[in-house]
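Taking it in order: structure first as structure tokens, then the write-up.
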Amino acid sequence: MNSTPKNRNLNSKREDYLEWHEYFMATAFLAAKRSKDPCTQVGACIVNEDKVIVGIGYNGMPNGCPDDEFSWSKETNQGLENKHMYVCHAEVNAIVNKNCTNLKNCMLYVALFPCNECAKVIIQSGIKEVFYISDKHAHKIYTIASKKMFDAAGVKYRQLIPRQKQIVIDFSEIDWNNMNQMPSTPIKSNMTNDGDQQDRD
Ligand SMILES: Nc1ccn([C@H]2C[C@H](O)[C@@H](COP(=O)(O)O)O2)c(=O)n1
Ligand SMILES: [Zn+2]
């Protein structure tokens, strides 16, 4: 997939570029890298009819609920110490983070098939199609409920089978000569706050 300058033909169009589905799903997977969930990191990316990304989200604690204070455990049945009480799913965060008026006829890309709570919000938002990679909870009642609602509401869903298992992001690609000669120094970020996606300051 990634060709180095040495073996790349610089006189004709690249052939190994990402196709749209891969690009949007990879964007969802990149967003998932922001998740603090120790067990499962999920990202979601919403795309409009013009193939413009209009919303991105990942699973995380709600606004104002510090992710180093709220429990990330799921081992306990003690309701208040179980993360499932609190975590906002990636799909809902992508929907509430939308940067357009409405999501009518949009497509949603998400790693895991949406649960029933997200399915309700997806339907209400106007999203018309869901692309996912894994349906590993297909046997669970909440997934069956999701599909029942999607079928009734006319929301299509389709599993994506990626052409390759991995897409590598290599920061040194943009300046191959210089960056590969540099000692590996940490990338400095000017973002002082590592707050979650709703923290804008
Ligand atoms: N479609 C989905 C499915 C799951 N999530 C989130 C919810 C939790 O933070 C995590 C699943 O945790 P697990 O039960 O695997 O420990 O993934 C989501 O955002 N969207
Ligand atoms: Zn959900």
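Below, all heavy atoms of this structure are taken into account, side chains as well, without hydrogens, waters or symmetry copies.
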When the ring planes of F24 and Y109 are compared, do they come out parallel, tilted or perpendicular, using 30° and 60° as the limits? tilted
Parallel, tilted or perpendicular: which one describes the rings of H137 and H139, with boundaries at 30° and 60°? tilted
If you take all heavy atoms of [X] and [Y], which pair is closest and at what distance?
{"X": "S73", "Y": "E75", "result": "OG-N, 3.1 Å"}
{"X": "Q164", "Y": "Q166", "result": "CG-O, 3.0 Å"}
{"X": "C115", "Y": "S146", "result": "C-OG, 2.9 Å"}
{"X": "C118", "Y": "H89", "result": "SG-CB, 3.3 Å"}
{"X": "A32", "Y": "V42", "result": "CB-C, 3.6 Å"}

So, taking the atom named [atom1] in [X] and the one named [atom2] in [Y], what distance separates them when rounded to the nearest 0.5 Å?
{"X": "T27", "Y": "I46", "atom1": "OG1", "atom2": "CD1", "answer": "12.5 Å"}
{"X": "Q41", "Y": "R34", "atom1": "CD", "atom2": "CZ", "answer": "12.5 Å"}
{"X": "L160", "Y": "M25", "atom1": "CG", "atom2": "CE", "answer": "4.5 Å"}
{"X": "I56", "Y": "L30", "atom1": "CD1", "atom2": "CG", "answer": "8.0 Å"}
{"X": "I127", "Y": "K98", "atom1": "CD1", "atom2": "NZ", "answer": "10.0 Å"}

Do side-chain atoms of [X] reach the backbone of [Y] as a donor and acceptor pair under 3.5 angstrom?
{"X": "D50", "Y": "V52", "result": "no"}
{"X": "S134", "Y": "L112", "result": "no"}
{"X": "N59", "Y": "S35", "result": "no"}

Mark yes when over 12 heavy atoms from residues, nucleotides or ligands other than K140 sit less than 6.0 Å from its NZ; otherwise mark no. yes
Would you say that more than 12 heavy atoms from the other residues, nucleotides or ligands in this model lie under 6.0 Å from the CD of Q124, or not? no
Do [X] and [Y] have side chains that get closer than 4.5 Å, going by heavy atoms?
{"X": "I133", "Y": "F29", "result": "yes"}
{"X": "S71", "Y": "E81", "result": "yes"}
{"X": "Y58", "Y": "D37", "result": "no"}
{"X": "M61", "Y": "E69", "result": "no"}
{"X": "K36", "Y": "K83", "result": "no"}
{"X": "N116", "Y": "M149", "result": "yes"}
{"X": "I53", "Y": "Y23", "result": "yes"}
{"X": "V130", "Y": "P114", "result": "yes"}

Is there a path of hydrophobic side-chain contacts, each under 4.5 Å between heavy atoms, that joins W72 and L80? yes
With a 4.5 Å cut-off on side-chain heavy-atom distances among I, L, V, M, F, W and Y, is there a chain of contacts connecting Y142 to I144? no
Assess the residue pair I122 and I95 against the criterion (side-chain contact (heavy atoms from CB on, under 4.5 Å)); give the C-alpha distance rounded to whole Å, side-chain angles, the decisive distance to 0.1 Å, and a yes or no. CA-CA 8 Å; I122 290 166; I95 289 170; 4.0 Å; yes
Going through the distances and angles, do N48 and C100 end up as a side-chain contact (heavy atoms from CB on, under 4.5 Å)? CA-CA 10 Å; N48 72 12; C100 57; over 6 Å; no
Residues at least two apart in sequence or cross-chain that pass ring-ring contact (aromatic ring centres under 6.0 Å, His included) with Y86, listed by chain then number, are F70
Could I get the full list of salt bridge (charged side-chain N to carboxylate O under 4.0 Å, His left out) partners for D135, not counting sequence neighbours? K147
Worked check of side chain to side chain donor-acceptor pair (under 3.5 Å) between Y157 and D151: CA-CA 9 Å; Y157 42 91; D151 291 341; 2.9 Å; yes
Working note: F150 + I123, criterion side-chain contact (heavy atoms from CB on, under 4.5 Å); need CA distance, chi angles, decisive distance, verdict. CA-CA 7 Å; F150 283 157; I123 292 167; 3.9 Å; yes
As a quick check of understanding, evaluate side-chain contact (heavy atoms from CB on, under 4.5 Å) for R158 and M107, giving each step before the final call. CA-CA 11 Å; R158 183 141 62 99; M107 288 159 290; over 6 Å; no
